[in-house]
Protein chains: 2
Amino acid sequence: MSCPEHHHADEHCCTPGCRVHGLLQPWLLLLLYRGPTHGYHLLEKLGADERTTSADPGLLYRTLRQLEQDGMVVSTWDTEGSGPARRRYAITPEGVDFLHAWADEVHRVRGRLDYFLDAHAAAFPLFDPEERR
Amino acid sequence: MSCPEHHHADEHCCTPGCRVHGLLQPWLLLLLYRGPTHGYHLLEKLGADERTTSADPGLLYRTLRQLEQDGMVVSTWDTEGSGPARRRYAITPEGVDFLHAWADEVHRVRGRLDYFLDAHAAAFPLFDPEERR
DNA sequence: TATGCTATATGTCAGAAACATATAGAGGAG
DNA sequence: CTCCTCTATATGTTTCTGACATATAGCATA
């Protein structure tokens with residue numbers, strides 16, 4: 001049987017390391033609002049916090065390029081320091097607006113999840129997710 | 001620019017009719033727990049409540065067949081009444097367990113959304129999604 | 001020189017959802 | 001009787017996201 005949420009056939013999903021999907025864009029924008037950085041740093045930040053979202057390099061770099069194409073972030077090459085050159089990203093005013101639109105969307109989605117959880121709780125009054133660690 | 005959440009290139013998404021994704025399985029299971037019915041009825045139920053999830057016939061019938069394959073529901077042909085024959089679905093004990101697993105998962109996802117919203121609120125104290133109707 | 005880390009990027013595949021279409025029984029309008 | 005609509009189930013196709021694998025390259029150090 002597949003797992004709830006994304007139905008991967010194998011077992012290395014929906015294990016404790018499994019993250020929430022679809023929030024990579026807003027997390028990147030929010031992290032960049034705290035201060036400009038490069039992709040690898042964002043990758044480490046997301047990877048270090050289990051409560052954020054997936055930290056796949058492929059997806060992350062592609063998403064940053066997409067955000068840049070759409071004018072949500074801008075990048076400049078940073079050759080200072082050691083190691084390979086890194087692309088330094090910064091959020092734009094449009095990006096901040098988009099981040100707010102994301103916050104609205106996430107707020108709405110949370111409402112729908114609550115609606116389902118309420119309906120489930122009404123059908124199963126004895127069910128308590130907190131006790132199912 | 002694409003829209004938050006699913007990035008469709010066109011504009012007929014993220015309009016008022018837009019629903020939350022990924023909850024079709026649990027909604028079907030929950031509705032079937034309230035009582036056995038056929039697919040078209042479930043389609044109408046989901047379609048009538050904006051706060052549930054997408055009501056696409058193709059996805060719904062395919063999902064029901066998948067749930068049956070996995071032993072979460074069982075179906076019998078119902079030729080009573082007028083109109084074409086309908087497949088009457090009922091949830092199984094395994095389906096109820098799976099529904100609870102879904103509730104746990106949704107609860108966890110909700111926590112991640114809260115985590116993002118808290119982080120966003122901390123960065124933008126004046127932002128209020130309620131006032132952005 | 002070889003390996004490991006930093007850093008960015010591309011290729012491929014599976015799965016969900018959107019959208020269109022196919023099939024068919026039954027009832028009513030004209 | 002024929003056409004249309006509603007009920008009901010099912011399939012085909014496309015697009016997008018995310019997962020996973022791989023490629024490239026600079027630099028440090030053993």
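Numbers restart at 1 for each chain; the letters A, B, ... are given by sequence-line order, proteins then strands.
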Taking the minimum atom-to-atom distance to the side chain of [X], which one of [options] wins?
| X | options | result |
| --- | --- | --- |
| A:Trp77 | C:dA9, D:dT9, C:dA18 | C:dA9 |
| B:Ser82 | C:dA7, D:dA28, C:dG27 | C:dG27 |
| B:Pro84 | C:dA9, C:dA18, C:dG25 | C:dG25 |
| A:Leu59 | D:dG18, D:dA10, C:dA9 | D:dG18 |

Can you tell me the distance, in whole Å, between the [atom1] atom of [X] and the [atom2] atom of [N]?
| X | N | atom1 | atom2 | answer |
| --- | --- | --- | --- | --- |
| A:Leu67 | D:dT17 | CG | P | 11 Å |
| B:Leu42 | D:dA8 | CG | C1' | 12 Å |
| B:Asp78 | C:dA26 | CG | P | 13 Å |
| A:Arg87 | D:dG26 | CZ | P | 16 Å |
| A:Leu64 | D:dT17 | CG | P | 14 Å |
| B:Leu60 | D:dT11 | CG | P | 14 Å |
| A:Arg86 | D:dA25 | CZ | C1' | 14 Å |
| B:Trp27 | C:dA17 | CH2 | C1' | 19 Å |

Result block: side-chain N/O donor-acceptor pairs under 3.5 angstrom for residues 115-122 of chain B, not counting sequence neighbours:
| from | atom 1 | to | atom 2 | distance (Å) |
| --- | --- | --- | --- | --- |
| B:Tyr115 | OH | A:Asp49 | OD2 | 2.5 |
| B:Tyr115 | OH | A:Arg51 | NH2 | 3.1 |
| B:His120 | NE2 | A:His100 | ND1 | 3.0 |

Problem set entry | Sub-4.0 Å heavy-atom contacts from residues 28-40 of chain A onto DNA chain D, ordered by number |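 When residues 28-40 of chain A is checked for heavy atoms under 4.0 Å from DNA chain D, there are no hits whatsoever.
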For this session: Test side-chain contact (heavy atoms from CB on, under 4.5 Å) on B:Leu67 and B:Ile91 and set out the steps.
Result: CA-CA 9 Å; B:Leu67 287 171; B:Ile91 194 170; over 6 Å; no
Problem set entry | 5' precedence on DNA chain D between A:Asp56 and B:Tyr89 (nearest-nucleotide basis) | B:Tyr89
Problem set entry | Exam field: side chain A:Ser75 to backbone A:Arg88, donor-acceptor pair closer than 3.5 Å |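 Here the side-chain-to-backbone pair does not exist.
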Exercise. Taking the side chain from A:Thr52 and the backbone from A:Leu46, do they hold a donor-acceptor pair closer than 3.5 Å?
Worked result: yes
For this session: Remember a base hit wins even if backbone is also touched, and classify A:Arg62 as base, sugar-phosphate or nothing at under 4.0 Å, heavy atoms.
Result: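 Base contact - A:Arg62 has a heavy atom under 4.0 Å of at least one base atom.
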For this session: Please name the residue in the list A:Val73, A:Leu42, A:Leu99 that meets the side chain to side chain contact (heavy atoms under 4.5 Å, CB included) test with A:Leu28.
Result: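 So the option named by the test is A:Leu42.
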Exercise. In dot-bracket notation, what is the pairing pattern of DNA chain C, taking Watson-Crick (N1-N3 plus N6-O4 or O6-N4) and G-U wobble (N1-O2 and O6-N3) contacts under 3.5 Å, with [ ] crossing and | for other strands?
Worked result: ||||||||||||||||||||||||||||||
Listed by chain and number, what are the ring pair (Phe, Tyr, Trp, His ring centres under 6.0 Å) partners of [X], not counting sequence neighbours?
| X | value |
| --- | --- |
| B:Tyr61 | none |
| B:Tyr33 | A:Phe124 |
| B:Tyr40 | none |

Exercise. Heavy atoms, side chains only, cut-off 4.5 Å: are B:Asp104 and B:His107 in contact?
Worked result: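 Not touching, per the 4.5 Å side-chain cut-off.
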Exercise. Please walk me through it: do A:Leu29 and A:Met72 pass side-chain contact (heavy atoms from CB on, under 4.5 Å)?
Worked result: CA-CA 8 Å; A:Leu29 292 171; A:Met72 304 304 167; 4.3 Å; yes
Exercise. Is any side-chain nitrogen or oxygen of A:Tyr61 closer than 4.0 Å to OP1 or OP2 of C:dT8?
Worked result: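 A:Tyr61 to C:dT8 OP1/OP2: side-chain N or O found under 4.0 Å.
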